[in-house]
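One-based numbering, in listed order, for ligands and for the atoms of each.
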Amino acid sequence: MSNTRTQVAIVGAGPSGLLLGQLLHRAGIEAIILERQTAEHVLGRIRAGILEQVCIDLLDEAGVGQRMHSVGLVHGGFEIMYGGKRHRIDMNRLTGGKNVMVYGQTELTRDLMDAREEAGLPGIYDVRRVSVLDFDTARPRVRYEKDGEAHEIECDFIAGCDGFHGVCRASVPRKDISEFEKVYPFGWLGLLADTPPVGDELIYINSPRGFSLCSQRSRTRSRYYLQVPLTNRVEEWTDEAFWQELRLRLDDEGRDKLVTGPSLEKSIAPLRSFVAEPMRFGRMFLAGDAAHIVPPTGAKGLNLAATDVKYLSGALIEFYRDRSEAGINAYSQRCLRRIWKAERFSWWFTQLMHCFPEDSSITRKFQEAELDYLLHSESGSRTIAENYVGLPLDFGE
Ligand code: APR
Ligand code: PHB
């Protein structure tokens with residue numbers, strides 16, 4: 001077995017692991033990133049692409065914001081449709097000048113991978129049998145196999161950035177962790193196409209046929225979603241069937257403007273709310289999807305991952321620079337306070353916009369009345385807007 005030493009061993013090269021690695025590198029802290037998949041596989045995953053200001057600032061701080069600023073699209077509002085009518089949420093006005101940025105997670109991941117390559121510190125991809133050991137002591141270790149050979153990393157800290165199905169959270173003794181979960185009775189069927197988006201801004205649609213979302217990656221690339229039953233399989237959905245169903249959920253203007261084309265990608269994602277508490281176990285931390293999942297309505301997943309990483313990188317920098325454990329001691333509580341508010345918003349926005357199979361007719365009426373109220377009330381619309389752009393970091397302090 002070969003042995004190496006580093007300061008922070010990062011498990012997972014998704015956005016959380018890569019961003020953490022980059023922020024630590026810029027602060028002169030050594031890290032090794034281990035990833036179970038190949039880099040191509042990681043870049044092939046299509047996920048949401050709406051960045052809050054906090055996330056944009058962090059990417060700038062990590063020195064990887066250049067491409068995002070040149071090709072990302074700044075959006076100051078979005079539309080909500082119900083009862084066949086559209087209503088615009090003017091985020092920028094309602095929040096005193098805040099916007100979001102449309103920039104695909106794939107692009108952001110690529111920028112972070114490139115930055116690591118340039119620094120001569122590429123991650124270790126395609127690793128097998130990762131295990132995390134002794135994180136309840138001052139000398140944690142990570143073991144893995146690569147090309148059939150066993151390796152061990154001795155480190156000061158382990159960062160569990162290995163997503164919902166990762167090994168880090170699963171290695172914590174059950175008595176030390178609490179998990180909260182809600183699984184929704186439907187999924188999102190997503191389609192990516194090189195066609196101009198149907199609108200300048202995103203459109204969230206509450207239709208009697210089910211929720212739908214018109215999103216985009218650029219002025220020439222669209223991303224659309226349809227709420228579908230969990231029993232549906234992606235192979236059952238031809239491109240034509242997808243476009244036809246989307247037309248039925250749109251309004252006349254949308255049907256007129258919709259440009260269809262062959263799909264570049266099509267997949268079904270289940271919807272889940274999940275939080276693990278706490279997020280620190282001795283010398284191991286969880287960050288991003290390893291600790292929490294939100295349903296995609298409102299696109300909070302990546303943004304929450306970014307704030308975890310902001311707090312974790314800050315805490316580790318403080319530990320090495322000032323020999324202070326204050327940041328690492330506060331990490332879990334600081335993250336969870338923000339996470340639960342974004343979890344609440346994502347759950348609420350999901351139940352407001354989707355058809356639930358078990359709903360009675362009166363529940364549907366309540367949903368319509370709530371939308372009617374919120375979208376015609378300044379304070380109701382502001383509530384949506386301020387959550388959508390992301391609550392301030394010092395919210396409630
Ligand atoms: N060993 C090494 N790597 C692993 C292991 C393991 N045992 N298990 C999982 N991984 C890798 C996965 O292959 C994946 O590349 O960890 C990575 C986790 O990445 P993500 O799932 O993208 O999670 P995260 O980086 O926290 O990003 C959060 O991604 O899922 C979206 O909505 C979410 O946008 C948010 C963002
Ligand atoms: C996306 O573009 O993939 C997207 C955008 C907004 C969401 C969810 C997904 O709320």
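- Taking the ring centroids of Phe135 and Phe157, they lie at or beyond the 6.0 Å cut-off.
- The single protein non-hydrogen atom nearest to atom 2 (O) of ligand 2 is Ser215 OG, 2.5 Å, given as residue, atom name and distance.
- Residue-level proximity to ligand 2 for Ala299 is carried by backbone and side chain together, each with a heavy atom below 4.0 angstrom.
- Atoms of ligand 1 lying under 4.0 Å from at least one heavy atom of Arg47, given by number and element, are 20 (P), 21 (O), 22 (O), 29 (O), 30 (O), 31 (C).
- Remark: the backbone N or O of Phe211 is paired with a side-chain donor or acceptor of Arg249 at under 3.5 angstrom.
- The ligand atoms of ligand 1 that sit less than 4.0 angstrom from a heavy atom of Gly166 are 8 (N).
- Ring to ring, Tyr224 and Phe242 are not that close: their centroids are 6.0 angstrom or more apart.
- Neither side chain, Thr38 nor Asp126, offers a donor N or O lying under 3.5 Å from an acceptor on the other.
- For ligand 1, the polar-atom distance check against Leu302 finds a nitrogen or oxygen pair separated by under 3.5 Å.
- The number of heavy-atom neighbours closer than 6.0 Å to CD of Glu265, taken from other residues, nucleotides and ligands shown, is above 12.
- By the 3.5 Å distance cut-off applied to N or O atoms, Pro15 is counted among the residues near ligand 1.
- Interface of Tyr225 with ligand 2, defined as ligand atoms under 4.0 Å from a residue heavy atom, comprises 1 (C), 3 (O), 4 (C), 9 (C).
- Contact annotation for Val11 and ligand 1: only side-chain heavy atoms (C-beta onward) come within less than 4.0 Å of the ligand.
- Residue-ligand proximity, Leu34 to ligand 1, at heavy-atom distances under 4.0 Å covers atoms 2 (C), 3 (N).
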**OP:** Any chance you could lay out the salt bridge (Lys or Arg N to Asp or Glu O under 4.0 Å) test for Lys98 and Glu52, step after step, and finish with the verdict?
**Re:** CA-CA 9 Å; Lys98 291 188 189 162; Glu52 297 174 3; over 6 Å; no
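- Ligand 1 lies out of reach of Ala290, whose nearest heavy atom is not under 4.0 Å from it.
- For Phe274 and Phe180, the ring centers sit 6.0 Å or farther from each other.
- The two residues Gly261 and Asp239 make their nearest non-hydrogen contact at O-OD2, 4.3 Å.
- With hydrogens left out, the protein atom closest to atom 9 (C) of ligand 2 is Ala48 CB, 3.5 Å, a heavy atom.
- Among the atoms of Gln37, none of the N or O lies under 3.5 angstrom from an N or O of ligand 1.
- Atoms of ligand 2 lying under 4.0 Å from any heavy atom of Arg217, numbered from 1 in the order shown and given with element: 1 (C), 2 (O), 3 (O).
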Original post:
Which is it for His354 and Tyr184 under the ring pair (Phe, Tyr, Trp, His ring centres under 6.0 Å) test, yes or no, and what are the steps along the way?
Top reply: CA-CA 10 Å; His354 290 74; Tyr184 297 83; 7.7 Å; no
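- The option from Tyr388, Phe349, Tyr103, Tyr204 that lies nearest to atom 10 (O) of ligand 2, judged by heavy atoms, is Tyr204.
- Against a heavy-atom cut-off of under 4.0 Å, Ile50 is close to the following atoms of ligand 2: 5 (C), 6 (C).
- Between the side chains of Tyr331 and Asp308, no donor-acceptor pair of N or O atoms lies under 3.5 Å.
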Subject >> Derivation of the side chain to side chain donor-acceptor pair (under 3.5 Å) call for Asn206 and Arg364 >> reply: CA-CA 11 Å; Asn206 175 314; Arg364 178 91 198 141; 2.9 Å; yes
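- Less than 4.0 angstrom separates some heavy atom of Gly12 from each of these atoms of ligand 1: 3 (N), 11 (C), 16 (O), 17 (C).
- Checking only distances, Arg223 never comes within under 3.5 Å of ligand 2, N or O to N or O.
- Side-chain contact check for Glu107 and Thr109: no donor-acceptor pair (N or O, by modelled atom type) lies under 3.5 Å.
- At least one N or O atom of Gly298, backbone or side chain, sits closer than 3.5 Å to an N or O atom of ligand 2.
- At the top of the distance list for atom 8 (C) of ligand 2, counting protein heavy atoms only, stands Pro296 O, 3.3 Å.
- Here is the list of ligand 2 atoms found below 4.0 Å of a heavy atom in Leu202: 5 (C), 6 (C).
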Original post:
So Tyr125 and His41, ring pair (Phe, Tyr, Trp, His ring centres under 6.0 Å) or not? Walk me through it.
Top reply: CA-CA 10 Å; Tyr125 287 84; His41 180 101; over 10 Å; no
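- Listed by number with element, the atoms of ligand 1 under 4.0 angstrom from any heavy atom of Cys161 are 16 (O), 17 (C), 18 (C).
- Side-chain atoms of Tyr204 and Tyr388 include a donor-acceptor pair closer than 3.5 Å.
- Listed by atom number, the atoms of ligand 2 under 4.0 Å from Trp188 heavy atoms are 8 (C).
- Using a non-hydrogen distance threshold of 4.0 Å, Arg45 registers as a contact of ligand 1.
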